[in-house]
Amino acid sequence: MPPTIGRDLMHRWERNPIITGQDIPFACNTVFNGTPVKANGRYYMILRVEGLEGHSFFALAESGDGLHFQIDPRPCMTPETDGPFAEWESDGIEDPRLTVLEGRYYIMYTAVGRHGHVIALAETDDFRHYKRIATVSEPGNKDGVLFPEKVGGLYARLDRPIGGGVGSVWLSYSPDLINWGRSEFVFAPRPRYWDSFRVGASAPPIPTDAGWLEVYHGVKMTSAGPIYRIGTIMLDRDDPSHVIGRCVEPSLSPREDYERVGDIGNVVFACGAIVEDDGQVKVYYGAADTSICVATADLDDIIHSCLEGSTVGGGC
Ligand code: BMA
């Protein structure tokens, strides 16, 4: 692994940010927390856009190289105003996570309404038309990420319920993507570490020979407010509630001005990653809730970073 003294394991692209509010072809406050997939050699990214009134919706960005994106002229998915989803989405839809599962594109996202945050699931064939499937959690849950394969014959997801005031990551299973249960604890904030206040799943889990690689976010609360960082954890392939290893140090911390300053400063927050054929991983992240950036790292280095920390801080 190359030395990481004075720098992060994930290397920022020198021309970050890759998408800002200036690139959005309609009125908005900010753009952040985009989720990518690569299909037929092209990159598609669903972006969280915050409207001027403060509610979020989604827009589509497309690219040939994963670095330079074109944004569709109209939003691709907006909160429902009629029907069963309307009361859950009256204050917006946030933080999409795209998963390719059984050849279909699924979007787990956070619906925000008068009951607070719930996790919802939709699917798309073309990234432009979306069919809602179900709300899949009770209020008080967010950061839902769907596994790209069944685990033990069932669909699986990670999520982040707030239980007892603590934001920990949990695992649930489903036979049909609608009914979820068999929930199990996976990992919690680590006292006195960079992820001591909250943790949550960020990218949909990535299958590797070492297990399920999960790129997560960890929050430290300080007297100047929260600091959001990106970390990695390895979960067992057959039983993802079992933690194999967890990074000691974050893989990416807010350091650049565009990560330090914005609507919410000191935030790097990933919603997806692409593993390229050459073993490089592109991690897409929102910076300061104000723009979208990309950082890269070698898959082997990321795996090594979480395996070396298997016993630190109790592991989980
Ligand atoms: C989290 C989510 C993210 C956001 C982050 C930092 O709770 O709401 O959408 O990027 O906070 O503000």
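Counting starts at 1 for both ligands and their atoms, in listed order. We're numbering straight along the sequence, starting at 1.
Among residues two or more places apart in sequence or in another chain, the side-chain hydrogen bond (donor to acceptor under 3.5 Å, both in side chains) test is passed with D236 by none.
Here the protein heavy atom with the shortest distance to atom 7 (O) of ligand 1 is K142 NZ, 3.3 Å. D95 OD2, 3.2 Å is the protein heavy atom nearest to atom 3 (C) of ligand 1. Distance from atom 1 (C) of ligand 1 to its nearest protein heavy atom, with residue and atom name: Y228 OH, 3.6 Å.
Aromatic ring orientation, Y44 versus F127: parallel (interplanar angle below 30°, classes split at 30° and 60°). Between H115 and W88, the angle of the ring planes lies from 30° to 60°, which puts this pair in the tilted group.
For D289, a nitrogen or oxygen atom sits less than 3.5 Å from a nitrogen or oxygen atom of ligand 1, counting backbone and side chain alike.
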Scan the side chains in residues 148-156 for donor-acceptor partners under 3.5 Å anywhere in the protein, sequence neighbours excluded, and list what turns up.
residue : atom : partner : partner atom : Å
Y155    : OH   : E102    : OE1          : 2.8
Y155    : OH   : E102    : OE2          : 3.3

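Neither the backbone nor the side chain of T110 has any atom closer than 4.0 Å to an atom of ligand 1 (non-hydrogen atoms only).
Using a 4.0 Å heavy-atom cutoff, R48 is listed among the residues neighbouring ligand 1.
Two rings, from W194 and Y216, have their centers less than 6.0 Å apart.
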